[in-house]
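Only one structure is covered here, and it is reproduced in the block below.
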Amino acid sequence: MAAAGAPDGLEEAGMDTEAEAAAAEAPARPLRCVEAEAAAAEDTCAARGSLQPAPAQPPGDPAARASVSNGEDAGGGAGRDLVDLRIIWNKTKHDVKFPLDSTGFELKEKIHSITGLPPAMQKVMYKGLVPEDKTLREIKVTSGAKIMVVGSTINDVLAVNTPKDAAQQDAKAEENKKEPLCRQKQHRKVLDKGKPEDVMPSVKGAQERLPTVPLSGMYNKSGGKVRLTFKLEQDQLWIGTKERTEKLPMGSIKNVVSEPIEGHEDYHMMAFQLGPTEASYYWVYWVPTQYVDAIKDTVLGKWQYF
């Protein structure tokens, strides 16, 4: 029996040996799995390393530009109504887009940037003088509107005291030594007719912008009724009588003179010089005094220096 089987102790030892051999072999398999996983991980890392990150979108990319543009619109001009304006100064036209809710003063600053004409030297007109404290929307400016600008640049101001201007001042001083115009015979025959019944009301000591309607109810040198219409968008003065209407470019009018009427100082007699001599003066009588300065500024296209 002893030869048929090993002693109990030896049998147990043999089993232990087999167990130890099995145990020795068992870790070998997980080790190979770990090595395979490590190799796979290395392959994965290498693969990932070969994939470079996508470059940042360049500033010039169309999508980026669109994003920037949308951002600007949202933070700047979005929600602001713009109108197309034609600004006319010194017979030059400038087409601009301008916010409808900007004030008259902001419009003057825009004109300054375009023409170099300082805001303090500007008279801006749209159906009369544009108020500095009101918006274009409040004075009902519409798209396509023509804005007339009257004023002189600093260079024009510095050139005022030229010999030519000095000669004109001397001539004016000589004129002042003569008897008042309203006493001269050629004017007396018109003024003696008295103040027209339909003449426009006057405001003594006031200065106002041109009205939106023609100045009417006045006399010309023949004693006939005359009206003055200022077509700012065409840069023209229309002198209308019962017989006809003369359409004069404002640039063709060389001078404008006026004088209060004695006994009726709230009205003036005024002349537009259409040629080189006094014989070319077109006289208008009973001009309301509050419009005299506005007429001179509009026709001559510059500030008056007194």
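For this chain, numbers begin at 1 and follow the sequence in order. What's counted below: heavy atoms across the whole structure, side chains too, no hydrogens, waters or symmetry copies.
Shown are T289, L191, V199; of these, the side chain to side chain contact (heavy atoms under 4.5 Å, CB included) with Y267 is made only by V199. K247 pairs in a side chain to side chain contact (heavy atoms under 4.5 Å, CB included) with only one of the listed residues (Q234, K231, Q236), which is Q236.
With rounding to the nearest 0.5 Å, the separation of CG in L82 from NZ in K97 is 7.0 Å. To the nearest 0.5 Å, atoms CG (D84) and OG1 (T142) are separated by 10.5 Å. To the nearest 0.5 Å, atom CE of residue M250 and atom CG of residue D235 are 5.5 Å apart. Taken to the nearest 0.5 Å, the CD atom of E138 stands 8.0 Å off from the CG atom of D133. Atom-to-atom distance recorded for K93:NZ and I87:CD1 is 13.0 Å, nearest 0.5 angstrom. Once rounded to the nearest 0.5 Å, the distance linking CG of L107 with CD1 of I147 reads 6.0 Å.
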For this session: Show your reasoning for whether side-chain contact (heavy atoms from CB on, under 4.5 Å) applies to V149 and T115.
Result: CA-CA 10 Å; V149 181; T115 65; 5.9 Å; no
Exercise. Passes side-chain hydrogen bond (donor to acceptor under 3.5 Å, both in side chains), H268 versus Y291? Steps please.
Worked result: CA-CA 10 Å; H268 279 228; Y291 300 129; over 6 Å; no
Problem set entry | V257/Q273 under side-chain contact (heavy atoms from CB on, under 4.5 Å): CA gap, chis, key distance, verdict | CA-CA 8 Å; V257 297; Q273 185 178 350; over 6 Å; no
Exercise. Is there a side-chain contact (heavy atoms from CB on, under 4.5 Å) between V299 and F272 once you walk through the steps?
Worked result: CA-CA 9 Å; V299 172; F272 302 96; 4.2 Å; yes
Exercise. After noting the C-alpha distance and the side-chain angles of T241 and K225, does the key distance pass the side-chain hydrogen bond (donor to acceptor under 3.5 Å, both in side chains) rule?
Worked result: CA-CA 6 Å; T241 63; K225 285 297 183 66; over 6 Å; no
Exercise. Would R86 and I88 count as a side-chain contact (heavy atoms from CB on, under 4.5 Å) if you check the C-alpha gap in whole Å, the side-chain angles of each, and the deciding distance to 0.1 Å?
Worked result: CA-CA 6 Å; R86 171 159 289 189; I88 304 173; 4.0 Å; yes
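When ring centroids are compared, H264 and W286 come within the 6.0 Å threshold.
V130 is not listed as a side-chain neighbour of K108, based on a closest heavy-atom distance of 4.5 Å or more. Two residues are said to be in side-chain contact when any heavy atoms from C-beta on lie closer than 4.5 Å; N220 and V284 fail this criterion. No side-chain heavy atom of P196 sits less than 4.5 Å from a side-chain heavy atom of M218. Using a 4.5 Å cut-off on side-chain heavy atoms (C-beta onward), V124 and M148 make no contact. The shortest side-chain heavy-atom distance between F98 and E106 falls under the 4.5 Å cut-off. Within the 4.5 Å cutoff, the side chain of Y282 has heavy atoms near those of the V226 side chain. Side-chain contact between L215 and F230 is present, with heavy atoms from C-beta onward closer than 4.5 Å. In this structure the side chain of R183 reaches within 4.5 angstrom of the side chain of E262, judged on heavy atoms.
Residue-environment remark: CD (Q207) stays at or below the threshold of 12 foreign heavy atoms within 6.0 Å.
Heavy atoms only, all atoms of each residue included: S252 and P249 are closest at OG-O, 2.6 Å. Taking all atoms of both residues into account, the shortest heavy-atom contact from V150 to D297 is CG1-O, 3.2 Å.
For V141, the side chain to side chain contact (heavy atoms under 4.5 Å, CB included) partners are L85, Y126, L136, I139, A145, not counting sequence neighbours. For D266, there are no salt bridge (charged side-chain N to carboxylate O under 4.0 Å, His left out) partners, not counting sequence neighbours.
In this structure, K221 fails the cation-pi test against W283, since its NZ or CZ atom is not both closer than 6.0 Å to the six-membered ring centre and inside 45 degrees of the ring normal. Taking the ring centre of Y219 as origin, the terminal cationic atom of K193 falls inside the region bounded by 6.0 Å and 45° from the ring axis.
F105 and M125 end up in different hydrophobic clusters when Ile, Leu, Val, Met, Phe, Trp and Tyr side chains are linked at under 4.5 Å. When hydrophobic clusters are built by joining Ile, Leu, Val, Met, Phe, Trp and Tyr residues whose side-chain heavy atoms come closer than 4.5 Å, directly or via intermediates, L210 is not grouped with W238.
Remark: the S258 side chain and the K296 side chain contain an N/O donor-acceptor pair separated by less than 3.5 Å.
Using a distance-only test at 3.5 Å, with no hydrogens or angles considered, no donor-acceptor pair links the side chain of T298 to the main chain of I295. When atom types are taken as modelled, the side chain of T135 and the backbone of D101 share no donor-acceptor pair closer than 3.5 angstrom. Not a single donor-acceptor pair under 3.5 Å links the side chain of E109 to the backbone N or O of P119. Checking side-chain atoms of E259 against main-chain N and O of L181 turns up a donor-acceptor pair under 3.5 Å. Using a distance-only test at 3.5 Å, with no hydrogens or angles considered, a donor-acceptor pair links the side chain of Q290 to the main chain of V203.
With respect to the salt-bridge test (charged N to carboxylate O, under 4.0 angstrom), the residues R244 and E246 qualify.
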